[in-house]
Amino acid sequence: MAGNKARFRTLTGQNSQIHLAFTRWKTGLDRPGYIDRLFTENGPIPMLTLDTKHRYGYEAITPRGIAKGFGDRYLTRISKAANRFGSAAYIRPLAEMNGHWNYYCAYNSNGSYRGSSHSTRNFRRAFRRIYLIMKGGTRADINARLASIGMPPLRVSGDIPENPFVRVVWNPQGYGSPNLARNSANSYYPGDRYVDVVANDLYDIRFKAEWDANLALFRSHPSKRYAIGEWGLWGIDDPAFVRRMASFVRNHPRVEAIVYYTSARGAIWDLGSKPKSLAAYKRYIVPLGG
């Protein structure tokens, strides 16, 4: 879940293991211990979402910039912090990449193209680079792997500790916005070698939730474990949506995590203001496990 862990436990009775946290690009590089706290304060299993937005709101780096290595210093700091954390963690880079509201999407809301610096090709290259850095290894080995896929070497010196316990999540929306074939989820897929978990975000927003798109995404990657990186009720109390989520998990054993968004008091997704959905969550979701 995301938000206040203690409040969510009080509301639902669920002691959630996975806690979703969001970052802004390069935030914490000048603050000792900040990146380490992103892991320790969001345990026992943090799911750290990496964004390209600067803390002041503007775009800090493009997908092409990441692919060329201009973000290596920041990404290496995160990877090393994950190693110091020393136990299971998810890294969720550039989530909802086929949503126009994210800087790293290739298209604007009207379908116009944002240019080669934001192309789906450069997104795929950026994601591969992030994956290799998050997994760690010797500088020589990482550089050899980068060279094999046509990318420049690391722009940092020294080896990066290996992180066998880190799982990298590729998390589009099943249904692109704008809904164009060239903005489909799988247009951004970096390849099986660079993804540990495929995920989707699914919200109930006063109209039909995109269950068909979710199932299509699940089926398109049969060798990968699956997750719902974010799910929730957008200002409505709809227990049927909660029941359907539980049914999806029970009937699809490759699903390893579903992350409710969010437990913040007063938020439009808060289960505390949705008594029917809260009761359904306790009855159908909590028995599935943390």
Side-chain angles (χ1 to χ4, degrees), residues 1-5 7-8 11-12 14 16 18-22 47-51 53 90 92-105 107 109 169-180 183-186 188 197-220 226-252 255-286 288:
M1 49 74 63
N4 187 312
K5 290 184 284 185
R7 183 168 185 271
F8 196 72
L11 281 173
T12 65
Q14 183 181 58
S16 301
I18 298 170
H19 193 238
L20 179 63
F22 296 85
M47 180 179 281
L48 191 61
T49 299
L50 309 184
D51 200 340
K53 185 181 293 185
Y90 291 97
R92 182 176 173 248
L94 316 184
E96 297 185 359
M97 70 290 296
N98 57 337
H100 64 83
W101 48 87
N102 288 310
Y103 281 123
Y104 40 82
C105 182
Y107 297 94
S109 59
V169 182
W170 175 75
N171 189 162
Q173 289 198 135
Y175 190 83
S177 180
N179 183 28
L180 308 170
N183 194 45
S184 67
N186 284 323
Y188 295 83
V197 181
V198 170
N200 181 32
D201 291 349
L202 196 61
Y203 286 92
D204 192 4
I205 316 180
R206 296 188 183 276
F207 53 82
K208 178 180 175 289
E210 294 298 336
W211 286 106
D212 291 344
N214 179 65
L215 187 58
L217 184 64
F218 175 86
R219 288 174 172 170
S220 67
Y226 197 75
I228 303 295
E230 300 173 27
W231 71 286
L233 298 128
W234 205 287
I236 55 177
D237 192 355
D238 183 6
F241 179 71
V242 179
R243 291 195 298 269
R244 186 159 183 180
M245 180 63 73
S247 176
F248 176 74
V249 174
R250 287 195 305 271
N251 291 308
H252 297 86
V255 177
E256 70 177 41
I258 59 172
V259 183
Y260 191 84
Y261 188 88
T262 173
S263 66
R265 187 185 299 275
I268 61 174
W269 309 277
D270 179 23
L271 284 173
S273 62
K274 302 170 179 61
K276 294 177 182 178
S277 298
L278 175 58
Y281 191 100
K282 291 178 179 179
R283 181 173 179 180
Y284 298 106
I285 301 295
V286 172
L288 297 174

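Just so it is clear, the structure is predicted and the values come from calculations on it, not from any experiment. The figures that follow rest on heavy atoms only: side chains count, while hydrogens, waters and symmetry mates do not.
- At a threshold of 4.5 Å between non-hydrogen side-chain atoms, the residues Leu50 and Arg92 do not count as touching.
- Residues Asn183 and Tyr188 have side chains that bring a donor and an acceptor to within less than 3.5 angstrom of each other.
- Here CZ of Phe8 is found 8.5 Å from OG1 of Thr262. Values are rounded to the nearest 0.5 Å.
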(message) Checking His100 against Tyr107 for the ring-ring contact (aromatic ring centres under 6.0 Å, His included) test, could you report, in this order, the C-alpha distance in whole Å, the side-chain angles of both residues, the deciding distance, and whether it holds?
(response) CA-CA 6 Å; His100 64 83; Tyr107 297 94; over 10 Å; no
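- Residues Pro172 and Met97 meet the side-chain proximity criterion, which asks for heavy atoms closer than 4.5 Å.
- Going from atom OH of Tyr175 over to atom CG of Asn200 covers 13.0 Å, rounded to the nearest 0.5 Å.
- Using a 4.5 Å cut-off on side-chain heavy atoms (C-beta onward), Leu233 and Leu271 make contact.
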(message) Test side-chain contact (heavy atoms from CB on, under 4.5 Å) on Asn186 and Leu217; report intermediate values, then the result.
(response) CA-CA 8 Å; Asn186 284 323; Leu217 184 64; 4.2 Å; yes
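- Taking each heavy atom of Ser184 and Asn98 in turn, the nearest pair found is C-ND2, 4.1 Å.
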(message) Would Gln173 and Glu230 count as a side-chain contact (heavy atoms from CB on, under 4.5 Å) here? Give the steps.
(response) CA-CA 10 Å; Gln173 289 198 135; Glu230 300 173 27; over 6 Å; no
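- Relative ring orientation between Phe241 and Trp231 is described as tilted, the plane-to-plane angle lying within the 30° to 60° band.
- Note: Trp170 CH2 to Leu94 CG = 12.5 Å, rounded to the nearest 0.5 Å.
- A 4.5 Å side-chain heavy-atom check between Phe22 and Asp51 finds every atom pair outside the cut-off.
- What you find for Lys282 and Thr12 is that their closest heavy atoms are CG-O, 3.6 Å.
- The two atoms that bring Asn4 and Ser263 nearest to each other are N-OG, 2.7 Å, heavy atoms only.
- Listed here is the closest heavy atom pair of Gly229 and Leu20: O-CD2, 3.8 Å.
- A salt bridge between Asp238 and Arg243 is absent, with no side-chain N of the basic residue lying under 4.0 Å from a carboxylate O of the acidic one.
- For Asn214 (side chain) and Gly174 (main-chain N/O), no donor-acceptor pair under 3.5 Å exists by modelled atom type.
- Side-chain contact check for Ser177 versus Trp101: some heavy-atom pair is nearer than 4.5 Å.
- In this structure, Asp204 CG and Met245 CE are separated by 9.5 Å, a value rounded to the nearest 0.5 Å.
- Once rounded to the nearest 0.5 Å, the distance linking CZ of Arg244 with CG of Asn251 reads 11.0 Å.
- Between atom CG of residue Asn102 and atom CD of residue Glu96 there is a gap of 6.0 Å, rounded to the nearest 0.5 Å.
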(request) Give the intermediate values and the outcome of side-chain contact (heavy atoms from CB on, under 4.5 Å) for residues Leu288 and Arg250. (result) CA-CA 8 Å; Leu288 297 174; Arg250 287 195 305 271; 3.7 Å; yes
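- Under the 3.5 Å distance criterion, with hydrogens and angles disregarded, no donor-acceptor pair is assigned to the side chains of Asn171 and Tyr90.
- Considering only heavy atoms from C-beta on, His19 comes within 4.5 Å of Lys5 through its side chain.
- In this structure, the side chains of Tyr260 and Ile228 stay at 4.5 Å or more apart for every pair of heavy atoms.
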(message) Walk me through whether Tyr203 and Glu210 qualify under side-chain hydrogen bond (donor to acceptor under 3.5 Å, both in side chains).
(response) CA-CA 8 Å; Tyr203 286 92; Glu210 294 298 336; over 6 Å; no
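- Minimum heavy-atom separation, Asp270 to Ala264: CB-O, 3.5 Å.
- In this structure, Asp237 and Lys274 approach most closely via the heavy-atom pair OD2-C, 3.4 Å.
- In this pair, Tyr226 and Phe218 present their aromatic rings perpendicular. The plane angle is above 60°, beyond the 30 to 60° band.
- A heavy-atom distance below 4.5 Å is found between the side chains of Val197 and Glu256.
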(request) Go through the steps for Ile258 and Ile285 under the test side-chain contact (heavy atoms from CB on, under 4.5 Å), then give the verdict. (result) CA-CA 10 Å; Ile258 59 172; Ile285 301 295; 4.2 Å; yes
